[in-house]
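Within every chain, numbering begins at 1; the chains are lettered A, B, ... in the order of the sequence lines, protein sequences first and strands thereafter.
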Protein chains: 2
Amino acid sequence: MATDQLSVVFGALADPTRRAILARLADGPATVNALAEPFDMTLPAISKHLKVLERAGLISRGREKQWRPCRLEAEPLRAATEWMSRYREFWESSFDKLDVHLRGLMKGTEQ
Amino acid sequence: MATDQLSVVFGALADPTRRAILARLADGPATVNALAEPFDMTLPAISKHLKVLERAGLISRGREKQWRPCRLEAEPLRAATEWMSRYREFWESSFDKLDVHLRGLMKGTEQ
DNA sequence: GAGTTAGTTTACCGATCAGCTAATTAACTG
DNA sequence: CAGTTAATTAGCTGATCGGTAAACTAACTC
C-alpha cells in the first residue's frame, strides 16, 4: 500500500474488524485481550490489526502494569473527512449533482 | 480485502492514484486515456484502478463510439462520511475529547 | 479490407496482507 | 524462584495488490 498519510488511514479503515475495534474504543480505552474478545480470531491477528491502526495514528497505546491499554485517536479521521467533503456537493442532492456536472461541461468548453 | 461495501469503498480510497482519478472526475467525465495521461503508468494499470473504483460504486462508465467515458459517482462517499461522523466529537475539540473520555471511564466503573 | 485509436484481458511478477501456530518477552503473584 | 497472565515476535501459508508486456476486442477511418 502507498505510505502517504491519507492512504494509510483509508487502508486501516478498509477492514471490518479494525472498524469494529475503533467502535469499541469509542466507549473508552481497552486492553488487547478485551478488544480481541468479540472476534473469532487469535490474539496475534488482533495484535497485527492494532499495529495497522497505530501506524495510521488512529489509536495510541499506553503501559499500565502488564497491560497495554489502547485508546482512540480520531484526529486522522478529520483529514479523511475533509478530503471526502470536497465531494459532498456531488451526493447531497440530484440538483447539485446536475449543477456540478454542467459546470464541468462549461469548463470543458471554455465558456 | 473484505467484501462489505464500506471496506470496498475505503479500500478504493487507499491509493493516491485512485484518489487523483476521482479528483479529476470531479471536473467532469473523462475517457480512460485522458485519465491515464497525468500518470507515469501503463494503460492496463489505470484500467485496473478504474475497475476497483467501479466495484466500489465510485465511478460509472458509459459507451460513446469507441470511448468508455468515466463519471464520478460520489454516493458511496456519503455512507463512508456517515460512518466517520460518529467519531467527529472525538476530534472537534480537546474539550469534547476529554468529555468523551470521562464518559468512557464512568461507563467502565458503572457509575 | 487495411490501418488506427481506445480500451480490456491474460499471464506473469514481486510485495504486501490476513490469518495461523509456536516461541518469546514482560510483568505480576504465590 | 516457579507459575500465570498479557501481549508481541517470528516464521509460515495462501490470497490479494499493483504493476508490467503482450495479445486481443471494438469501433472508427481511409
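Put simply, His49(B) has no side-chain N or O that comes within less than 4.0 Å of OP1 or OP2 on dC17(D). Within the structure, a side-chain polar atom (N or O) of Arg63(A) is placed less than 4.0 Å from OP1 or OP2 of dA27(C).
Checking side-chain atoms of Arg18(A) against main-chain N and O of Ala12(A) turns up a donor-acceptor pair under 3.5 Å. At distances below 3.5 Å, at least one donor-acceptor pair connects side-chain atoms of Thr31(B) with backbone N or O atoms of Ala34(B). Ser85(A) places a side-chain N or O within 3.5 Å of a backbone atom of Glu82(A) that can act as its donor or acceptor partner. Judged purely by atom type and a 3.5 angstrom limit, Arg61(A) has no side-chain atom pairing as donor or acceptor with the backbone of Glu54(A).
The stretch residues 17-25 of chain B has no heavy atom under 4.0 angstrom from DNA chain C at all.
The two residues Cys70(B) and Ile59(B) come nearest to each other via the heavy atoms SG-CD1, 4.3 Å.
As judged by a 4.0 angstrom heavy-atom cut-off over every strand, Ala45(B) is placed among the base-contacting residues.
Look at CG on Asp15(A): it is 14 Å from C1' on dT16(C), rounded to the nearest Å. Whole-Å rounding puts the Leu53(B) CG to dG18(D) C1' distance at 14 Å. Rounded to whole Å, atom C1' of dA7(D) lies 15 Å from atom CD of Glu64(A). The CE-P distance, from Met1(A) to dG19(D), rounds to 13 Å in whole Å. A straight line from CE of Met41(A) to P of dT8(D) spans 15 Å, rounded to a whole angstrom.
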> Could you write nucleotides 7-13 of chain C as a row of B, S and -, 5' to 3', where a protein heavy atom under 4.0 Å of any base atom gives B, of only sugar-phosphate atoms gives S, and otherwise -?
Replying inline: BSB----
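Leu6(A) places none of its side-chain heavy atoms less than 4.5 Å from the side chain of Leu13(B). In this structure, the side chains of Leu50(A) and Arg68(A) stay at 4.5 Å or more apart for every pair of heavy atoms.
Checked against side-chain contact (heavy atoms from CB on, under 4.5 Å), Ala36(B) has the following partners two or more places apart in sequence or in another chain: Leu43(B), Ile46(B).
Side-chain N/O atoms of Ser7(A) and Arg19(B) include a donor and acceptor closer than 3.5 Å.
Closest approach to the Thr42(B) side chain among dC28(C), dT20(D), dC17(D) is made by dT20(D) (side chain taken as heavy atoms from C-beta onward).
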